[in-house]
Amino acid sequence: QVQLIESGGGLVQAGGSLRLSCAASTRAFSRYAMGWFRQGSGKEREFVAGITWSGDGTYYATSVKGRFTISRVNAVNTVYLQMNNVEPEDTAVYYCAARTRANYRYIYTRESEYDTWGQGTQVTVSS
């Protein structure tokens with residue numbers, strides 16, 4: 001069974017940067033569509049960013065577009081979320097997710113479209 005391990009969370013000041021990583025336990029990673037979601041305290045989990053198999057297609061939630069960048073390196077089975085100019089509203093537990101049976105062209109944005117999840121990593125932005 002595929003495992004996803006997130007890292008890179010922590011405390012950062014508003015306006016700062018942070019990079020999250022998510023490592024998969026299988027070389028089949030290169031055929032997975034990947035996404036990042038987040039869940040703030042008392043809120044529902046929400047889509048943040050998604051990426052195609054090859055990484056040539058990306059899509060972002062309006063709230064993070066222009067500040068966050070999703071990328072992947074299939075050679076090391078890892079997807080990243082570069083977070084720049086963070087805001088207190090970005091405080092949440094961040095989860096990476098994989099859709100293991102995916103169309104190579106698609107970017108998936110719904111939680112129900114992903115079948116494998118990481119354990120989450122906390123990001124806290126101080127004002």
Side-chain angles (χ1 to χ4, degrees):
Q1 187 169 350
V2 176
Q3 289 188 322
L4 302 174
I5 307 295
E6 298 106 332
S7 61
L11 176 64
V12 60
Q13 287 189 334
S17 297
L18 207 61
R19 189 177 81 156
L20 306 183
S21 300
C22 172
S25 61
T26 173
R27 292 178 183 177
F29 171 83
S30 63
R31 299 191 299 276
Y32 297 167
M34 299 297 296
W36 285 96
F37 289 74
R38 68 185 181 185
Q39 186 168 21
S41 180
K43 298 180 181 180
E44 294 185 353
R45 190 153 56 182
E46 63 176 358
F47 171 80
V48 174
I51 191 166
T52 54
W53 282 17
S54 65
D56 60 356
T58 58
Y59 185 78
Y60 300 91
T62 301
S63 59
V64 307
K65 193 172 184 180
R67 300 187 298 120
F68 291 9
T69 302
I70 186 172
S71 62
R72 65 191 297 164
V73 179
N74 288 341
V76 294
N77 303 330
T78 302
V79 63
Y80 304 95
L81 185 69
Q82 177 67 42
M83 305 168 62
N84 295 332
N85 192 24
V86 295
E87 303 169 350
E89 293 74 21
D90 296 321
T91 295
V93 177
Y94 283 72
Y95 299 89
C96 74
R99 181 178 170 103
T100 58
R101 294 186 177 185
N103 183 296
Y104 75 98
R105 288 183 172 183
Y106 285 2
I107 300 168
Y108 299 87
T109 63
R110 298 178 182 176
E111 191 175 343
S112 60
E113 293 175 317
Y114 290 86
D115 52 74
T116 303
W117 293 82
Q119 82 286 355
T121 185
Q122 176 70 46
V123 172
T124 302
V125 181
S126 63
S127 56

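Side-chain atoms are counted along with the backbone in the values below, which use heavy atoms only and exclude waters and symmetry mates.
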Ion pair present between Asp115 and Arg101, side-chain N to carboxylate O less than 4.0 angstrom?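 No, this pair does not count.
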
Under a 4.0 Å threshold between the charged nitrogen and the carboxylate oxygen, would Glu113 count as salt-bridged to Arg99?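 Between Glu113 and Arg99 there is no salt bridge, as every charged N stays at least 4.0 Å from the carboxylate O atoms.
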
Side chain proximity check, [X] to [Y], heavy atoms < 4.5 angstrom:
X      : Y      : answer
Leu4   : Thr116 : yes
Thr121 : Leu20  : yes
Tyr80  : Met34  : no
Tyr59  : Thr109 : yes
Thr100 : Tyr114 : no
Val125 : Gln13  : no
Arg38  : Glu46  : yes

Please step through side chain to side chain contact (heavy atoms under 4.5 Å, CB included) for the pair Phe29 and Asn74, ending with a clear verdict. CA-CA 7 Å; Phe29 171 83; Asn74 288 341; 3.1 Å; yes

On a heavy-atom basis, which atom in [X] and which in [Y] lie closest, and how many Å separate them?
X      : Y      : result
Gly35  : Ile70  : CA-CD1, 4.5 Å
Arg105 : Asn103 : N-OD1, 2.7 Å
Ala49  : Leu81  : CB-CD1, 4.2 Å
Ile51  : Ile107 : N-CG2, 4.0 Å
Thr26  : Val2   : CG2-CG2, 3.6 Å
Pro88  : Ala14  : CD-CB, 4.1 Å

Is there a path from Val79 to Met83 through hydrophobic residues (I, L, V, M, F, W, Y) whose side chains come within less than 4.5 Å of each other?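 Yes, Val79 connects to Met83 through the hydrophobic network.
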
How about Phe47 and Phe37: are their ring centroids closer than 6.0 Å?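 They qualify: ring centres under 6.0 Å apart.
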
Is a donor on one side and an acceptor on the other found under 3.5 Å between the side chain of [X] and the backbone of [Y]?
X     : Y      : answer
Glu6  : Gln119 : yes
Thr91 : Thr124 : no
Ser17 : Asn84  : no
Trp36 : Cys96  : no
Thr78 : Val76  : yes
Arg72 : Trp53  : yes

Relative to each other, are the rings of Phe68 and Tyr94 parallel, tilted or perpendicular (30° and 60° limits)?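 Because their plane-to-plane angle lies in the 30° to 60° range, the rings of Phe68 and Tyr94 count as tilted.
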
Sequence neighbours left out, what passes side chain to side chain contact (heavy atoms under 4.5 Å, CB included) with Ser7? Give chain and number order.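 If we apply the side chain to side chain contact (heavy atoms under 4.5 Å, CB included) test to Ser7, skipping adjacent residues, the hits are Ser21.
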
Going through the checks in order, is the side chain to side chain contact (heavy atoms under 4.5 Å, CB included) test met by Leu11 and Ser126? CA-CA 7 Å; Leu11 176 64; Ser126 63; 4.3 Å; yes

Who are the salt bridge (Lys or Arg N to Asp or Glu O under 4.0 Å) partners of Glu87, not counting sequence neighbours?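 Here the qualifying residues are Arg67.
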
By salt bridge (Lys or Arg N to Asp or Glu O under 4.0 Å), which residues pair with Glu89, not counting sequence neighbours?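 In terms of salt bridge (Lys or Arg N to Asp or Glu O under 4.0 Å), with neighbours along the sequence ignored, Glu89 is linked to no residue.
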
Asn77 side, atom CG; Ile5 side, atom CD1 - distance, nearest 0.5 Å: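 Between Asn77 CG and Ile5 CD1, I get 12.5 Å after rounding to 0.5 Å.
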
How long is the straight-line distance from OG1 of Thr52 back to OH of Tyr108, given to the nearest 0.5 Å?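 OG1 of Thr52 is found 10.5 Å from OH of Tyr108.
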
